[in-house]
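Below is one structure, written out as structure tokens, with a few remarks after it.
Basis for what follows: all heavy atoms, side chains included, without hydrogens, waters or symmetry-related copies.
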Amino acid sequence: MSEDWDSAEDGQERAPNGIEIGKPSVARVYDFMLGGKDNFASDRKVAELALQIAPDAPEAARANREFLRRVVHHLAAEAGIRQFVDIGSGLPTQGNVHEIAHAVDRGARVVYVDNDPIVLVHGRALLAKNDTTTVIQADIRRPQEIVDHPDLRRLIDPSQPVALLLFGILHHLNDDEDPESIAALLRDALPPGSFVAISHFHNPGAARPEVAEQAAAAEKLFNENLGTGRWRTHDEIRAYFGDFEMLDPGLVPLAEWRPGPDDHAEQGITYYTFVGGVARKPDADPA
């Protein structure tokens, strides 16, 4: 544990100065689902309520991490990407983006972005001696601030392709926050040959009525306790990729995106409520 944390000898939960532990955090709820320890009673309460609706929710969290691993490895090893911007990165866990990318090329550059101050505390401790990776505190609701952030501009070369990673973040933007325009601004900032990868909560609608009912219940729970969370339709999620060229197999349940022998997430009711895909920005037209 970081020395920024207060002692907890009296049995009370403690956190770094400025961290509000009485209000649940998306990053910490996700940490709990992955079996992490950087969460508090308020986070565990939300997670336990979610488990009542979807007992296999930890499988969905694991599927998302496995999807991230496959995507980053593909983009680094097969597509030759050496720059990654991970917005809504969450708390550090096994298989972070920089670890996957650096296994391919130690020079790969990674910028993590999250609006939760606890992510900044842990990220900076993890990356203290890493000059190719940084973490910045910023909010996706103000995307231009991310694009213009000096630490991002220091590491990311705007003339070279970038992988923009939006794992589990756009579904925490409410409709009135205009996530489609936010995604469009971020896409437009990417040079040709870049990629965008998205994972998002999904409501399959009439195609799978039982799953759709579970998705609606989960959405209600999240909004009542976190004030956020949208399980969107396939077409709504597909729109976030704009006119980028989708890689096979398209927008699919996470476990179906180029699965490998090291994947272990099992199929349950959440299988169809979490989807993902990767798309490439077309090359610029010759003058």
Side-chain angles (χ1 to χ4, degrees), residues 34 62-114 119-120 122-138 140 143 146-169 186-199 241 244-249 254-255 257-265 276-284:
L34 285 169
R62 281 191 285 272
N64 194 45
R65 293 303 298 184
E66 291 175 355
F67 174 63
L68 178 149
R69 174 178 50 77
R70 296 194 304 274
V71 167
V72 173
H73 182 267
H74 170 79
L75 294 179
E78 304 298 329
I81 297 296
R82 295 295 180 265
Q83 304 187 113
F84 297 82
V85 177
D86 183 5
I87 302 179
S89 55
L91 286 157
T93 185
Q94 285 188 334
N96 296 295
V97 172
H98 71 282
E99 295 168 331
I100 302 164
H102 286 169
V104 176
D105 185 336
R106 292 294 302 175
R109 298 182 296 281
V110 179
V111 176
Y112 294 109
V113 184
D114 205 286
V119 173
L120 195 68
H122 282 274
R124 286 182 172 169
L126 176 68
L127 302 171
K129 298 181 179 179
N130 191 323
D131 58 3
T132 62
T133 306
T134 192
V135 56
I136 62 178
Q137 186 177 349
I140 193 173
I146 297 174
V147 172
D148 294 337
H149 197 287
D151 286 347
L152 184 145
R153 289 184 169 273
R154 175 176 57 84
L155 277 184
I156 301 300
D157 180 351
S159 70
Q160 297 299 314
V162 177
L164 171 64
L165 310 179
L166 300 171
F167 293 106
I169 181 65
L186 293 169
R187 289 196 313 270
D188 290 346
L190 298 172
S194 294
F195 292 82
V196 61
I198 297 172
S199 66
F241 294 94
F244 283 23
E245 301 161 348
M246 294 292 297
L247 274 60
D248 290 337
L254 299 180
W257 199 91
R258 307 189 181 193
D262 296 328
D263 298 319
H264 303 293
V278 182
R280 182 181 183 274
K281 187 168 187 174
D283 294 326

Of all heavy-atom pairs between [X] and [Y], which one has the smallest distance, and what is that distance?
X	Y	result
Ile146	Ala138	CG1-CB, 3.8 Å
Gly88	Ile169	CA-CD1, 4.1 Å
Ala76	Ala101	CB-CA, 4.5 Å
Asp283	Arg280	OD1-NH2, 2.8 Å
Pro161	Ser194	CA-OG, 3.5 Å
Gly90	Asp114	N-OD2, 2.8 Å

How far does [atom1] of [X] sit from [atom2] of [Y], to the nearest 0.5 angstrom?
X	Y	atom1	atom2	answer
Phe167	Asn64	CZ	CG	7.0 Å
Asp248	Met246	CG	CE	9.5 Å
Leu165	Phe67	CG	CZ	9.5 Å
Asp131	Arg154	CG	CZ	8.5 Å
Asp105	Arg82	CG	CZ	4.5 Å
Arg109	His102	CZ	NE2	9.5 Å

Would you say that [X] contacts [Y] through its side chain, given a criterion of any heavy-atom pair below 4.5 Å between the two side chains?
X	Y	answer
Val97	Leu68	yes
Leu166	Ile140	yes
Ser199	Leu254	yes
Pro191	Gln160	no
Thr132	Arg106	no
Phe244	Leu190	yes
Asp262	Arg69	yes
Ile136	Val111	yes

Under the side chain to side chain contact (heavy atoms under 4.5 Å, CB included) criterion, do Asn96 and Thr133 qualify, and how do the steps go? CA-CA 11 Å; Asn96 296 295; Thr133 306; over 6 Å; no
Pick out which of Arg258, Arg62, Arg70 makes a side chain to side chain donor-acceptor pair (under 3.5 Å) with Asp263.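 Result for side chain to side chain donor-acceptor pair (under 3.5 Å) with Asp263: Arg70.
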From CA spacing to verdict: side chain to side chain contact (heavy atoms under 4.5 Å, CB included), Val104, His73: CA-CA 8 Å; Val104 176; His73 182 267; 4.1 Å; yes
Measure from the side-chain N and O atoms of Lys281 to the backbone N and O of Arg187, and report whether any donor-acceptor pair falls under 3.5 Å.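 Yes, the answer is positive, given that a donor and an acceptor are paired below the 3.5 Å cut-off.
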With side chain to side chain contact (heavy atoms under 4.5 Å, CB included) as the test, would you mind laying out the steps for Ile87 and Leu164 before giving the verdict? CA-CA 8 Å; Ile87 302 179; Leu164 171 64; 3.7 Å; yes
Show your working on side chain to side chain contact (heavy atoms under 4.5 Å, CB included) between Leu247 and Phe195 and close with a plain yes or no. CA-CA 10 Å; Leu247 274 60; Phe195 292 82; 3.9 Å; yes
